[in-house]
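Contents: one structure, followed by commentary.
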Amino acid sequence: MLDINFIKENLKTLAKVTKDKGLKIDYKQLLKLDDKRRNLIQEIDELRQKRNANADLLKDPEKRSAKLIAEGKSLKDKITALESDYNKVLVEYTEIMILVPNVISKDTPIGKDDKDNKEIAKWGEIPKFKFKIKDHLQLGKDLDILDIDRGVKVSGFRGYYLKNEGAQMQIALLQYAFNKMIAKGFVPFITPTLIKQEALIGSGHFPFGKEEVYQIGNPGKLDSGEEIKEPLYLAGTSEPSLLAFHANETLKEEDLPLKYCGSSTCYRSEIGSYGKDTKGLYRVHEFMKIEQVIICQADIANGLKLLEELRGIAEEVLQDLKLPYHVIAVCTGDMGAGKYKMYDLETWMPSRNAYSETHSDSFLTDWQARRLNLKYKTKDGETKYAFTLNNTVIASPRILIALWENYQNADGSITIPEILRPYLGNQEKISPKK
RNA sequence: GGAGAGGUGGCAGAGCGGUCGAAUGCACCGGUCUUGAAAACCGGAGCUCCGUUUACCGGAGCCGUGGGUUCGAAUCCUACCCUCUCCGCCA
């Protein structure tokens, strides 16, 4: 969400960024609703003032009269009617307001989709295999560390089991990553994954990505006896939980920046990507992830610095694992409404013969904080909305694709990356069983 | 799942139709006193929104949330959310 006054003063910029991000906002309608909204507030406030004055007179039994009471009744009716109008206008107004995208950094590429993203850095050598490589599915099957067939049997499409060293490796990755983050001063969290709609609106996952999120219904009853559901949702990342942790709070500037990392299972419905990546571990309905989140002062330069810091941590993880990757500056059409600037880290996946997304590093200025009503008080006593950032630390099993495929050997075994060995009893290789 | 109690300012805690944005205590800020501090005493202080002559000026709203009753609601009714206690069940 943006400040309505900022929107009014920057209509041209916003019209452009809206188009560049592939969105459609009726700004004329928004301004109209804002006018209506403010006019109604004024009218209502005036009538309430009269009502209060009237009620004040009636306090005195001597002044009590049928006329005053009638006057009070009439005022009440007018107020009720206007309030009802106001509520309707506010709903429409809010519906548009939460769709208004954030502005972008100067260096964000303008483009339509991921084809227009720009590679800005590269690390590691793409491995050249002298044998016919297997993809992670084959490796997983041959080494008995992944079972897709039974995953589908039990969980349905996109279901999977990690098994043996496959299972161990996932836990190893998470633990290694968690430890790294703690060493860097991030506060470790295990976050709720069953969350309320407000948290998802706050992070900006709603309304944009609503269909991507699983909904869980809680039955209840309305006044009228009508059955209702106050839904809960399965979070697709710990980001909304970590951000909403401080929703409706006013923090102290001296406590910023807050550096958090959250470990959670993540759920994605993948509606809208039906035909895509249907094989293997690339796109699954549930996975585990450690996410890094920063809540900081409202300072663009500082935020950009932190974005680089988060990127650096993610790069460090891939370098620790010795996986080739590149960094791309994500273009407007691919970045999401709330983003001010965004990088993706894509890791080399031999079977896909491509770099594929494993990390996503974003800076959102105060776009999320406004939705979350997350503020801080400056040293001068001023109240401001905070800025927020987030990036992946590690997400598995997707990263296992890169890990298994890049580390495979001619004999069909997989070398375990050194950094993970301590978590797997110092085992060096995953070899075929028996 | 059953039974009961309750949600008021940073915290504790009164208020149970108009005198309540809200007593009182603690904490906080300023002052007096003091060599300094403490104590004591005096004074001050919340948030959100709207408007404008942008002035800490005017107005509205905020006592878990929404709806209702009333000329008037922190106070009454109602639904929902949450917390606590006891019983039951349970990883």
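Labels below follow one simple rule: chain letters A, B, ... track the order of the sequence lines, proteins then strands, and each chain is numbered from 1.
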Under-4.0 Å side-chain N/O to phosphate OP1/OP2 contact, [X] with [N]:
{"X": "A/N39", "N": "B/C50", "answer": "no"}
{"X": "A/R51", "N": "B/G61", "answer": "yes"}
{"X": "A/R37", "N": "B/C50", "answer": "yes"}

- Message: Of the options B/A60, B/C71, B/C49, whose atoms approach the side-chain atoms of A/K73 most closely?
- Response: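 The answer is B/C71.
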Charged N to carboxylate O below 4.0 Å: is that the case for [X] and [Y]?
{"X": "A/D147", "Y": "A/K141", "answer": "no"}
{"X": "A/E291", "Y": "A/K289", "answer": "yes"}
{"X": "A/D20", "Y": "A/K16", "answer": "yes"}
{"X": "A/K59", "Y": "A/D56", "answer": "yes"}

- Using Watson-Crick and G-U wobble pairs with both distances under 3.5 Å, what is the 5'-to-3' dot-bracket string of RNA chain B, with [ ] for crossing pairs and | for pairs outside the strand? ((((((((.[[[..)..(.....]]].(((((.......))))).((((((.....)))))).[[[[[..)....]]]]])))))))....
Determine the Euclidean distance between corresponding [atom1] atoms of [M] and [N]; express it in Å to zero decimal places.
{"N": "B/U8", "M": "B/U83", "atom1": "P", "value": "14 Å"}
{"N": "B/G6", "M": "B/G15", "atom1": "P", "value": "12 Å"}
{"N": "B/G13", "M": "B/G17", "atom1": "C1'", "value": "22 Å"}
{"N": "B/C57", "M": "B/C82", "atom1": "P", "value": "42 Å"}

- Does the gap between the ring centers of A/H285 and A/Y160 come in under 6.0 Å?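 Ring centres of A/Y160 and A/H285 not closer than 6.0 Å.
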- Message: So which atom in A/Y376 and which in A/C296 form the shortest heavy-atom distance, rounded to 0.1 Å?
- Response: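 So the two residues come closest at CE2-O, 4.4 Å.
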- Just how far, in rounded Å, is P of B/U52 from CZ of A/R38?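 Spelled out: CZ on A/R38 to P on B/U52 is 8 Å.
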- Message: Can you measure A/K76 atom NZ to B/A60 atom P for me and round it to whole angstrom units?
- Response: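 Checked: the NZ to P distance equals 19 Å.
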Give each protein N/O atom lying under 3.5 Å from an N/O atom of nucleotides 18-21 of chain B, with the pair distance.
from: B/G18; atom 1: O6; to: A/R64; atom 2: NH2; distance (Å): 3.0
from: B/G18; atom 1: N2; to: A/A55; atom 2: O; distance (Å): 3.0

- Message: With a 3.5 Å distance limit and no angle check, can you tell me whether A/R311 reaches the backbone of A/D361 through a side-chain donor-acceptor pair?
- Response: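 Looks like no, no N/O pair under 3.5 Å.
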- Heavy-atom donor-acceptor pair, A/T392 side chain to A/I394 backbone, under 3.5 Å: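 No; judged by distance alone, with no hydrogens or angles, the pair does not exist.
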